[in-house]
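Here's the structure, in structure tokens; my notes come after.
Each chain gets a letter, A, B and so on, in the order the sequences are listed, and its residues count up from 1. Just so it is clear, the values below take in all heavy atoms, side chains as well, and ignore hydrogens, waters and symmetry mates. If you're wondering where the values come from, they're calculated on a predicted model, not measured in any experiment.
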Protein chains: 2
Amino acid sequence: MADASGPLDRVFHALADPARRGMLERLTRGPASVSELARPLSMSLPAVVQHLAVLEASGLVISAKHGRVRTCQLEPGSLQPAEQWINERRLGWERRLDRLGDYLARQTAKGDEGSPA
Amino acid sequence: MADASGPLDRVFHALADPARRGMLERLTRGPASVSELARPLSMSLPAVVQHLAVLEASGLVISAKHGRVRTCQLEPGSLQPAEQWINERRLGWERRLDRLGDYLARQTAKGDEGSPA
DNA sequence: TTTTCACTTAAGTATATACTTAACTAATGC
DNA sequence: GCATTAGTTAAGTATATACTTAAGTGAAAA
């Protein structure tokens, strides 16, 4: 799987890098230029631009150029599918543990009943 | 960033592949052997084992070998940091939009007040 | 109008991913 | 014991990542 074709692939991959997560955190505080995104990161500008490209390809960020500055911002709702996927897994898994707990409780009850003391 | 050192790096990276997400989905329905995880995937067993290694390195899955079969299961709570990170970003961003909305509403109100009709 | 600034493009490198096949090990089942 | 099964290890390959430096481009400031 080297293509990262599905939307979730791209979003999770985008989130898997601390520099990109840092850029996203910055953008939650409002739009920013490429240089502003780059400032706290210890890497070259082109490297930051490449990270930005990953973020845009994932749909998490959009940008537009005005004059010579490119302004970036979060794309509302783009995190939702990822959040939802995780949430569904957690729910499914919790339900399963609940059922398992019920089962074990019943088994214990049966055991208490069938072989008392 | 080629090391994927932080826990979030590893978790998000683990989630960024459809085969691995498929394995996780299978595991939400209960523990499974390596062969069971491999069955629906069209790739060799060693490839599946490598994906499993990524899942284990991320902390999402644990496994133990009994006899000749390795049984895998989800590690409870391991998804929480990822879910929480996303959730915090969404909240921060929604708060910002709220404030922006308030600001724009106030500006509009001032405008209505200052230059009526 | 010349310089500076904010990117952008190109090209190259080291490392990591996602696989493959082939050969091996060890527990089961007969 | 001997074949089968479940998984492991090793080694190799193609592609993708995460950077780098150097050389543009074009808007804005001086």
Side-chain angles (χ1 to χ4, degrees), chain A residues 1-24 26-27 30-73, chain B residues 1-24 26-27 30-73:
Chain A
M1 280 308 153
D3 59 310
S5 45
L8 280 180
D9 294 41
R10 280 189 286 265
V11 169
F12 282 130
H13 171 242
L15 295 178
D17 184 284
R20 289 193 290 263
R21 286 199 306 278
M23 293 166 77
L24 290 175
R26 167 62 189 82
L27 290 175
S33 70
V34 175
S35 314
E36 282 166 351
L37 291 178
R39 193 151 9 245
L41 301 173
S42 47
M43 66 179 69
S44 67
L45 228 226
V48 173
V49 171
Q50 284 175 42
H51 282 302
L52 180 59
V54 171
L55 289 170
E56 292 207 54
S58 74
L60 292 172
V61 167
I62 54 176
S63 74
K65 202 162 180 178
H66 301 105
R68 66 183 167 179
V69 23
R70 175 172 298 278
T71 302
C72 311
Q73 56 187 281
Chain B
M1 281 307 155
D3 60 310
S5 46
L8 281 179
D9 294 41
R10 280 190 286 265
V11 168
F12 282 130
H13 172 243
L15 295 177
D17 184 285
R20 288 193 290 262
R21 287 198 305 278
M23 293 166 76
L24 289 175
R26 167 61 189 81
L27 291 176
S33 70
V34 174
S35 314
E36 282 166 352
L37 291 178
R39 195 153 11 246
L41 302 173
S42 47
M43 65 179 67
S44 67
L45 228 227
V48 172
V49 172
Q50 284 175 44
H51 281 302
L52 180 59
V54 171
L55 288 170
E56 292 206 53
S58 75
L60 292 173
V61 168
I62 54 176
S63 75
K65 202 163 177 178
H66 301 105
R68 65 182 168 182
V69 23
R70 175 173 297 278
T71 301
C72 311
Q73 54 186 286

**OP:** Only pairs at least two apart or in different chains count here, so list each salt bridge (Lys or Arg N to Asp or Glu O under 4.0 Å) that has a residue in residues 56-66 of chain A.
**Re:** none

Original post:
Can you find a pair of side-chain heavy atoms, one from Leu15(B) and one from Arg20(B), that are under 4.5 Å apart?
Top reply: no

Subject >> Side-chain heavy-atom pair Leu37(B), Leu27(B) within 4.5 angstrom cut-off >> reply: yes

Original post:
With the sugar-phosphate defined as primed atoms, P, OP1 and OP2, and the base as all remaining atoms, what B/S/- string results for nucleotides 22-30 of chain C, 5' to 3', for protein heavy atoms under 4.0 Å?
Top reply: B----BS--

Counting side-chain heavy atoms from C-beta on, which of [options] comes nearest to [X]?
| X | options | value |
| --- | --- | --- |
| Asp17(A) | dT21(C), dT8(C), dC19(D) | dC19(D) |
| Arg70(B) | dT20(C), dT8(C), dT8(D) | dT8(D) |
| His13(A) | dT17(D), dT17(C), dC19(D) | dT17(D) |

Original post:
So does Ser33(A) get a side-chain nitrogen or oxygen closer than 4.0 Å to the phosphate oxygens (OP1/OP2) of dC7(C)?
Top reply: yes

Subject >> Phosphate OP1/OP2 of dC19(C): any Ser44(B) side-chain N/O under 4.0 Å >> reply: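 No, because none of the side-chain N or O atoms of Ser44(B) sits under 4.0 Å from OP1 or OP2 of dC19(C).
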
**OP:** Could you identify which residues of residues 52-63 of chain B place a heavy atom less than 4.0 Å from some atom of DNA chain D, listed by residue number, or say none?
**Re:**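 Those residues whose heavy atoms fall under 4.0 Å from DNA chain D, taken from residues 52-63 of chain B, amount to none.
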
Subject >> Heavy-atom donor-acceptor pair, Gln50(A) side-chain to dT20(D) base, under 3.5 Å >> reply: yes

Rounded to the Å, how far apart are [X] [atom1] and [N] [atom2]?
| X | N | atom1 | atom2 | answer |
| --- | --- | --- | --- | --- |
| Phe12(A) | dT17(D) | CZ | C1' | 20 Å |
| Lys65(A) | dA27(D) | NZ | C1' | 9 Å |
| Asp9(B) | dA18(D) | CG | P | 10 Å |

Subject >> Asp9(B) to Pro18(A) - nearest heavy-atom pair and separation >> reply: OD2-CD, 2.9 Å

